[in-house]
Amino acid sequence: MKNNIKLLLAAGLGACATSCTDLDVTVESQYTEYPNNEIAIEAKMADVYFQMRGPLGRRVSEAVCFSSDEYVAVCYDGGYYDGGHCQRATFHNFGTEDPTLDWFGTVSEGIAKANKAIVDLGGPSAGSAAAGARAVRAYYHFVLMDGWGDVPILDRTPEDGEVVARQPRAEVAKFIESELLDVLDDLTTDVTPNTYGKPTRWMAEALLAKLYINWAVYTASSVDQYDAATAKNEKLADCIKVCDDIINSGKFNLGTGKYAHFAQKFGPKNGPDCEDFIYAMPYDTYTQQGMIYGRFRSWKGLKKLATGYYGMALSQSTGGYAAMTPEFSDLFCLEGDVRNELVLKGEVHVFDPETLRPTDKVALDQNGNPIVLTREITLKGDPNDETLDVGESITGYNQGNRSVKFFVIDDDFKNGRNQSNDVPIFRYADILLMKAEAIVRGGGNGDAKALFNEVRAYAQAPLLSATPTLDEIYDERGREFLDENWRRNDMIRFGHYEDEYYPHYKSNPNANFDKTKRIWPIHRDILNLNPTWKQNPGY
């Protein structure tokens, strides 16, 4: 558990299919004039910032990592199959009732809370008082638009009985841009423990960079019409501009001190002193719960071991249903790259829970044999089995490589598996690689090689001698942002979402390659609450 209780952020994604009628909150403030002091504003904003912690800690990660090439969702003699919602994500066959996607309503509720806060704090023209709520509101719109395409623009609280229509994705993108640009100068530029997890100028510019680098995706006539090979992005220069503002601020770097080693950024003691984090969701096993990445990424049999590979016994069981695809694990192959240590391959070693680095000690299973993970994933029966069942056995547990990026310690894990690892949303490393990508795509002048090599040098990986290609940038983003919920976004932009990767092969009858799957279906509960809405094409 962390020693300091950290302030919360509106980290972007929601928890359960909360009713969209939550948008119909009363416009009138309960105050004639909301108290205009820092404590009152903090209290008003806290509920807005806290809204999305639960879903980001699990469901968002499942939706992204299983629908990308990062992970395949396996089960163990039916254990952790849970109706197949994660398996359907793996095959790009999301269902309209899947709990993996039941957080649309929570994001909408966050927007409603932000709208009420804006009114209570004096309205959109209230300057710095309302700027944070507007920035978070823009972020929530981004989350909805990125995942579901056409969504409502909720820049005010709807009137009673008002039908809220979905707007074209391109219009939502333009609204987000307009909102962020309008509040930019009213947001704080401070980077302190007090601003950690809160919207700042740098958070807004990082969000703008994400919006701009994906502009051609978001403004395509339809999701299936975006072609990465031919698409023209008119916002590349704008992307470079906001990246430059963050870089030139001098407030961020890739990591010094205890964060001089890559793994510490994501460990159970990370926090506001991490210079790489521009915007992050704070978690604490007791006071800020919901982050359980270790539960489904860890080897299935760890609870049975006196000392597992985390260097300690675990009080709670691990689900282990997230096995890394062979294709993605192959990215972690660069000589000297410290990021390789976070992907367990072959014979597994025990980690030091303080340094978060592997030791010379071999991790043993319950029979006293070395734990040896396989690159390839072999199912128990039919290789095209849609349940992806590897069997409830050590052989099954060993299928697929594993990630320890968000390192588990039992002091946290024993408390309902709630980890204290903060989850970054926007990192300085992402700003460097987005600027490099925008330059390579033709957005302006600049040294893309130097930007790229800054990330490589920090990771102790080989430096490039020439300007990186888009393929090299794409692969580097995979290494750098494993488990950080951006892989699906990257795959779509780079034109790889319809690629083949285990078990999303064309030879597998369960796999879907329809380009409409680039966005998710609207959950049935949300459609029931909004009967005028139509389901997304392809579902």
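Atom set for the values below is all heavy atoms of this structure, side chains included, hydrogens, waters and symmetry mates excluded. All residue numbers in this chain count up from 1 along the given sequence.
Donor-acceptor pairing under 3.5 Å is lacking for the side chains of Asn418 and Asp412. Between the side chains of Ser298 and Tyr310, a donor-acceptor pair is found at a separation under 3.5 Å. Between Ser403 and Asp483, the side chains place a donor N or O and an acceptor N or O closer than 3.5 Å (distance only, hydrogens not considered).
Within 6.0 Å of atom NZ in Lys515, 12 or fewer heavy atoms from other residues, nucleotides or ligands are found, so the atom counts as exposed in its surroundings. The number of heavy atoms from other shown groups lying within 6.0 Å of CG (Asn248) is above 12.
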With side chain to side chain donor-acceptor pair (under 3.5 Å) as the test, would you mind laying out the steps for Arg417 and Thr285 before giving the verdict?
-> CA-CA 8 Å; Arg417 305 184 186 89; Thr285 187; over 6 Å; no

Would Glu177 and Tyr212 count as a side chain to side chain donor-acceptor pair (under 3.5 Å) if you check the C-alpha gap in whole Å, the side-chain angles of each, and the deciding distance to 0.1 Å?
-> CA-CA 9 Å; Glu177 178 190 30; Tyr212 289 149; 2.9 Å; yes

May I have the step-by-step check of salt bridge (charged side-chain N to carboxylate O under 4.0 Å, His left out) for Glu484 and Arg427, ending in yes or no?
-> CA-CA 10 Å; Glu484 294 182 51; Arg427 291 206 281 124; 2.9 Å; yes

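Taking each heavy atom of Ile519 and Asp146 in turn, the nearest pair found is CG2-O, 4.4 Å. Of all heavy-atom pairs between Phe277 and Asn270, the closest is CE2-ND2, 3.8 Å. Nearest heavy atoms, His92 versus Tyr497: CE1-O, 3.2 Å.
By the 6.0 Å and 45° rule, Arg487 stacks over the aromatic ring of Tyr474. With a 6.0 Å cutoff to the six-membered ring centre and a 45° limit on the axis angle, Lys210 counts as a cation-pi contact of Trp486.
Here salt bridge (Lys or Arg N to Asp or Glu O under 4.0 Å) pairs that include residues 250-265, with residues two or more places apart or in two chains, are Lys258-Asp273, Lys265-Asp276. Applying the salt bridge (Lys or Arg N to Asp or Glu O under 4.0 Å) rule to pairs touching residues 445-463 yields Arg456-Glu476, sequence neighbours excluded.
Only one option out of Phe406, Tyr259, Tyr283 pairs with Phe266 in a ring pair (Phe, Tyr, Trp, His ring centres under 6.0 Å); it is Phe406. Of the options Tyr218, Phe142, Phe104, a ring pair (Phe, Tyr, Trp, His ring centres under 6.0 Å) to Trp148 is made by Phe104 and by none of the others.
No close placement of the Tyr501 and Phe328 rings is indicated, their centers lying 6.0 Å or farther apart.
Between Phe494 and His496, the ring-plane angle classifies as parallel under the 30° and 60° cut-offs.
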